[in-house]
Novice: 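Below is the structure I would like to discuss, written out as structure tokens.
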Amino acid sequence: MRFNHPPSLEDLQDMAETAFAAIPQALREAVRGVAILVEDVPDEETLEAMDLQHPWELTGLYRGTPLTEKTSLGVAAEPDMILLYREPILVEWIETGEDLFRLVRNVLIHEIGHHFGFSDEEIARLEGEG
């Protein structure tokens, strides 16, 4: 994709949906029902909870209960969702020169990994596939 302007929230949402459709079917089915949302930046509450000083420090976030912590009897306190943050992703894209679609894909896969309770090593392996 080529852009004559900074990619919009909708542009990144389209990339995230395309990236999600391209991951292995078994993985897609395992995260069925997890919302994927794109916002400009993390809110102040999120930054404070994660002890971050600047919103550009966070490109994505998994909110919910990882599968490793769910029980069949428990009721979720909040719906599971993956948040991708547009401005931090664009800053990383500009700073690294990485392909924007690949960057969005890697952030999405990283957050899916958190849904499964994967280790950083397992997430890095997933990001390297494809």
Side-chain angles (χ1 to χ4, degrees):
M1 291 183 169
R2 291 229 178 259
F3 295 95
N4 295 327
H5 54 77
S8 67
L9 288 169
E10 293 79 17
D11 293 331
L12 263 67
Q13 185 72 46
D14 289 345
M15 282 186 219
E17 290 171 10
T18 300
F20 184 76
I23 64 175
Q25 183 176 352
L27 190 58
R28 276 196 324 269
E29 288 177 5
V31 293
R32 188 185 331 234
V34 175
I36 299 171
L37 306 170
V38 179
E39 296 180 355
D40 272 319
V41 293
D43 59 28
E44 288 297 322
E45 182 179 311
T46 299
L47 294 174
E48 197 171 294
M50 298 190 74
D51 197 29
L52 297 173
Q53 302 302 309
H54 197 279
W56 290 352
E57 295 179 71
L58 186 64
T59 56
L61 179 67
Y62 168 74
R63 270 202 187 136
T65 305
L67 288 178
T68 55
E69 297 176 18
K70 289 188 178 188
T71 66
S72 59
L73 301 175
V75 176
E78 64 179 310
D80 291 327
M81 67 180 81
I82 293 171
L83 297 159
L84 303 180
Y85 297 114
R86 176 183 167 269
E87 288 183 22
I89 288 172
L90 294 180
V91 168
E92 186 171 331
W93 174 52
I94 290 166
E95 289 178 348
T96 65
E98 184 173 351
D99 177 76
L100 182 58
F101 177 78
R102 184 166 177 80
L103 180 59
V104 169
R105 176 190 172 278
N106 285 350
V107 172
L108 178 64
I109 289 172
H110 187 93
E111 300 312 325
I112 289 171
H114 287 304
H115 171 68
F116 286 106
F118 289 169
S119 70
D120 286 338
E121 293 80 24
E122 291 168 316
I123 291 171
R125 185 179 46 74
L126 280 174
E127 289 173 346
E129 294 175 359

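On a predicted model such as this, the values are computed, not experimentally measured, just so you know.
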Novice: To the nearest 0.5 Å, how far apart are CG in Leu37 and CG in Leu61?
Specialist: 11.0 Å
Novice: Can you find a pair of side-chain heavy atoms, one from Leu100 and one from Met15, that are under 4.5 Å apart?
Specialist: yes
Novice: Give a yes or no on whether the backbone of His54 and the side-chain of Glu57 come within a donor-acceptor separation of less than 3.5 Å.
Specialist: yes
Novice: Does the side chain of Leu90 reach to within under 4.5 Å of the side chain of Pro7, using non-hydrogen atoms?
Specialist: yes
Novice: About how many Å separate CD of Glu39 and CG of Leu9, when rounded to the nearest 0.5 Å?
Specialist: 8.5 Å
Novice: With sequence neighbours excluded, tell me which residues meet side chain to side chain contact (heavy atoms under 4.5 Å, CB included) with Gln25.
Specialist: Arg28, Glu29
Novice: Is the closest side-chain heavy-atom distance between Phe20 and Val31 below 4.5 Å?
Specialist: yes
Novice: Which atom names give the shortest non-hydrogen contact between Asp99 and Arg102, and what distance separates them?
Specialist: OD2-N, 2.9 Å
Novice: Tyr85 versus Val107: any side-chain heavy-atom pair under 4.5 Å?
Specialist: no
Novice: Can you give me the closest heavy-atom contact between Pro42 and Pro88, atom names plus distance?
Specialist: CD-CG, 4.4 Å
Novice: So, taking the atom named CG in Leu58 and the one named CE in Met50, what distance separates them when rounded to the nearest 0.5 Å?
Specialist: 5.0 Å
Novice: How about Glu92 and Leu103: do any of their side-chain heavy atoms sit closer than 4.5 Å?
Specialist: yes
Novice: Please confirm whether the backbone N or O of Asp40 pairs with a side-chain atom of Glu87, one donor and one acceptor, at under 3.5 Å?
Specialist: no
Novice: Enter the distance from Thr59:OG1 to Arg86:CZ here, rounded to the nearest 0.5 Å.
Specialist: 14.5 Å
Novice: Side chains of Trp93 and Glu98: any donor to acceptor distance under 3.5 Å?
Specialist: no
Novice: Assess the residue pair Ile89 and Val104 against the criterion (side-chain contact (heavy atoms from CB on, under 4.5 Å)); give the C-alpha distance rounded to whole Å, side-chain angles, the decisive distance to 0.1 Å, and a yes or no.
Specialist: CA-CA 7 Å; Ile89 288 172; Val104 169; 4.1 Å; yes
Novice: State, with a plain yes or no, whether a side-chain heavy atom of Leu84 is found less than 4.5 Å away from one of Leu12.
Specialist: no
Novice: Could you give the distance from CH2 (Trp56) to CG (Leu47), rounded to the nearest 0.5 Å?
Specialist: 13.0 Å
Novice: Between Arg63 and Leu83, does the side-chain contact (heavy atoms from CB on, under 4.5 Å) criterion hold? Intermediate values first, please.
Specialist: CA-CA 8 Å; Arg63 270 202 187 136; Leu83 297 159; 3.6 Å; yes
Novice: For Arg105 and Thr18, which I'm curious about, is there any donor-acceptor pair between the side chains at under 3.5 Å?
Specialist: no
Novice: Any chance you could measure His110, atom NE2, to Ile82, atom CD1, to the nearest 0.5 Å?
Specialist: 10.5 Å
